[in-house]
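Values in this document were obtained by computation on a predicted structure and should not be read as measured data. In each ligand, atom 1 is the first atom listed, and ligand 1 is the first ligand listed.
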Amino acid sequence: MTARTSDIEKAAGVLRDGGLVALPTETVYGLGANAEAPEAIARIFQAKGRPPSHPLIVHIGGAEQLDGWVQDVPLAARLLAEHFWPGPLTLVLRRGPRVPLEATGGLETVAVRVPDHPVALALLSAFGGGITAPSANRFGSVSPTTADHVRAELGDAVDFVLDGGPCAVGVESTIVDVTGKTPTILRPGGVTREDLEGVLGHPLAVPATSRVRVPGQHPSHYAPRARVVLVEPGRVLSEAALAQELGHKVGVLQPASFGEAPINAYAVVRVPDAPAAYARALYGFLRALDQQACDLIIASLPEEEGLGLAIANRLRRAAGPRPSETGSG
Ligand code: AMP
Ligand code: MG
């Protein structure tokens, strides 16, 4: 889906005036502001309810613009940018003087990527600068993968919503820190570890989900309203039946290859076996179960290879203790 030229122009004008634009990308919808305007960036944190220490991603129009935003680009970063941009890969590099500390949560590093979506690229080109954008949802909740999700969640807090259709990848970008001796995956996402290793020519460490590697993150993130409980794939239905007996309104993410779901008994979503299809639909499923007023979602983890690594990461985070339970606010 391509937005009209007049909409792109309007959105670019909103960015120039210090406003907020929700923009489609191939991963999820972003909440964008002029990456060089600290006051506009402050509005992002207000709109999301996000702690200002939690850094944002700077979106640029092409790999050739990278040196305008960062310093000390190592060879590995050039290789990765060349192979995967535009695409769902975010590189963490040393901040250049153009990037205000407001965008990096006070860090001397900055996260940068080139989105692979015609509407995002048209907006970046019309605007001419960088657009700093986290996902266009309230802090900690499920990322939006359609323009309607954005409107439902952020409403008037956004000055303009650019509709680019449903997101093709559906989970956030892979974040790779290239400031150290060897590149490190900070967050699995739309570019797989296997693809990264193929380009770099050596293995990469898988991040431990239990440890908080990326600054400013709560244990719980990407979370629907309903509590999420993870069980073995073969036990999803029996656990759901048990929880239902205990009086819960249970939603089920049922692996397609694990038996027939008793369709009338619960809010059941049959998740696709193909990881790309599952990733594309995951956040929509979680939103749908929230809309059906489930208070509990029973799910299992997919195989943690390829895109399955990102899906498992999001489900684990969704199942993590909520801020009210950890006392961390
Ligand atoms: P979001 O788009 O909402 O997923 O947020 C952007 C993600 O990028 C968050 O997970 C941030 O913690 C991460 N991020 C942004 N800048 C940096 C940085 N300099 N170092 C490490 N992670 C970063
Ligand atoms: Mg987010």
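- A ring-centre distance under 6.0 Å is not found for Tyr283 and His149.
- Counting only distance, with no hydrogens or angles, the side chain of Asp159 and the backbone of Leu20 share a donor-acceptor pair below 3.5 Å.
- Looking at Leu186, Val112, Leu56, it is Leu186 that brings a heavy atom closest to atom 21 (C) of ligand 1.
- Among Arg50, Arg113, His54, the residue whose heavy atom lies closest to atom 5 (O) of ligand 1 is Arg50.
- Between Arg78 and Asp67 there is a salt bridge, since at least one side-chain N of the basic residue sits less than 4.0 Å from a carboxylate O of the acidic one.
- With distances taken over non-hydrogen atoms, the option nearest atom 7 (C) of ligand 1 out of Ile175, Thr179, Thr25 is Ile175.
- Side-chain contact annotation: Arg113 with Thr27, donor-acceptor N/O pair under 3.5 Å present.
- Between Ser135 and Asn137, the side chains place a donor N or O and an acceptor N or O closer than 3.5 Å (distance only, hydrogens not considered).
- Under the 4.0 Å criterion applied to side-chain N and carboxylate O atoms, Arg193 and Glu304 are not assigned as salt-bridge partners.
- Ser173 and Arg187 share a donor-acceptor pair across their side chains, judged by distance under 3.5 Å alone.
- Within ligand 1, the atoms closer than 4.0 Å to a non-hydrogen atom of Ala111 are 15 (C), 16 (N), 17 (C), numbered from 1 in the order shown.
- Of the N or O atoms in Ser135, one or more lie within a sub-3.5 Å distance of an N or O in ligand 1.
- Those atoms of ligand 1 that come under 4.0 Å of a heavy atom in Leu107, given as number and element, are 18 (C), 19 (N).
- Residue Thr109 touches ligand 1 through backbone and side chain together, judged by heavy-atom distances below 4.0 Å.
- For Tyr222, every N, O or S atom stays at 2.8 Å or more from the Mg ion (ligand 2).
- Proximity of Thr104 to ligand 1 is not established, as no heavy-atom distance is less than 4.0 Å.
- In this structure, Arg95 has no heavy atom closer than 4.0 Å to ligand 1.
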